[in-house]
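First comes the structure, then the notes that go with it.
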Amino acid sequence: QVQLVESGGGLVQAGGSLRLSCAASGLMFSSDAAGWFRQAPGKAREFVAAIDWKGGTTDYADSVKGRFTISKDNAKNTVYLQMNSLSTEDTAVYYCAARRLGSIAREVPRYNYWGQGTQVTVSS
């Protein structure tokens with residue numbers, strides 16, 4: 001049984017930082033791609049960042065490029081999303097996703113497993 005468990009969300013002031021974590025069981029990030037997505041109220045789930053199984057290739061949405069960094073620790077089977085210079089527009093539920101034996105992707109349907117999400121709220 002695959003489980004992805006996100007943590008690290010919370011309330012932060014604009015300009016602040018948060019680091020999200022996604023711990024996996026039942027699959028190995030050393031062989032699977034991982035992504036972060038977010039969904040604001042009334043909006044569709046959108047791509048934020050992704051990292052390939054090797055950890056050498058990453059991809060970011062234009063809205064977060066230069067502010068967010070995705071990384072992973074294969075020994076801990078955990079993927080991270082470091083978020084800096086947060087703005088109110090970053091407020092959303094953030095979801096971790098895994099794509100079995102695949103390269104990185106931006107499309108929601110291309111991911112096989114999803115976490116339950118963690119709320120990030122940025123206040124002005």
Looking at every heavy atom in both R38 and A92, which two are closest together, and how far apart are they? CB-CB, 3.8 Å

Under the salt bridge (Lys or Arg N to Asp or Glu O under 4.0 Å) rule, collect the residues that match up with K43, sequence neighbours excluded. none

Any chance you could measure S124, atom OG, to Q13, atom CD, to the nearest 0.5 Å? 9.0 Å

Check this for me: Q116, atom CD, are more than 12 non-hydrogen atoms of other residues, nucleotides or ligands nearer than 6.0 Å? yes

Tell me, with the steps shown, if L81 and V48 meet side-chain contact (heavy atoms from CB on, under 4.5 Å). CA-CA 9 Å; L81 185 68; V48 175; 4.1 Å; yes

Kindly say whether V122 contributes a backbone atom to a donor-acceptor pair with the side chain of T91 at under 3.5 angstrom? yes

With a 6.0 Å cut-off on ring centres, are Y95 and F37 close enough? no

Honestly curious: do I70 and L4 fall in one hydrophobic cluster under the side-chain, below-4.5 Å linking rule? yes

Side-chain contact, heavy-atom cut-off 4.5 Å: Y94 with Q119? no

Nearest heavy-atom contact between W53 and S30 is CE3-O, 3.1 Å

NZ (K54) and CG (N74) are apart, to the nearest 0.5 Å, by 12.5 Å

Once you round to the nearest 0.5 Å, how far does CG of L27 lie from CZ of R99? 13.5 Å

I'd like a table of donor-acceptor pairs (distance under 3.5 Å, sequence neighbours excluded) in which one partner is a side-chain atom from residues 103-112, with atom names and distances.
from : atom 1 : to   : atom 2 : distance (Å)
R106 : NE     : D59  : OD2    : 2.6
R106 : NH2    : D59  : OD1    : 2.9
R106 : NH2    : D59  : OD2    : 3.4
R106 : NH2    : Y60  : O      : 2.9
E107 : OE1    : R110 : NH1    : 3.1
Y111 : OH     : A105 : N      : 3.4
Y111 : OH     : A105 : O      : 2.6
N112 : OD1    : R100 : N      : 2.7

Residues N77 and F29: closest non-hydrogen pair is OD1-N, 2.8 Å

Kindly say whether C96 contributes a backbone atom to a donor-acceptor pair with the side chain of E6 at under 3.5 angstrom? yes

With distance as the sole criterion, is a donor-acceptor pair present between the side chains of S17 and N84 under 3.5 Å? yes

Give the intermediate values and the outcome of side-chain contact (heavy atoms from CB on, under 4.5 Å) for residues S21 and V79. CA-CA 6 Å; S21 299; V79 175; over 6 Å; no

Treating R67 as the side-chain partner and S85 as the backbone partner, does any N or O pair qualify as donor plus acceptor under 3.5 Å? yes

With side-chain contact (heavy atoms from CB on, under 4.5 Å) as the test, would you mind laying out the steps for W36 and M83 before giving the verdict? CA-CA 12 Å; W36 286 97; M83 306 186 295; over 6 Å; no

dist S7:OG -> Y80:OH (nearest 0.5 Å) comes out at 9.0 Å

Distance check, rounded to the nearest 0.5 Å: T69 atom OG1 versus I51 atom CD1? 10.0 Å

Rounded to the nearest 0.5 Å, what separation is found between the OG atom of S63 and the CG atom of D90? 7.0 Å

T118 side chain to G9 backbone, donor-acceptor under 3.5 Å: yes

L18 to V120 - nearest heavy-atom pair and separation: CD1-CG1, 3.9 Å

Treat each ILVMFWY residue as a node, draw an edge where side-chain heavy atoms are under 4.5 Å apart, and state whether F47 and L20 are in one component. no

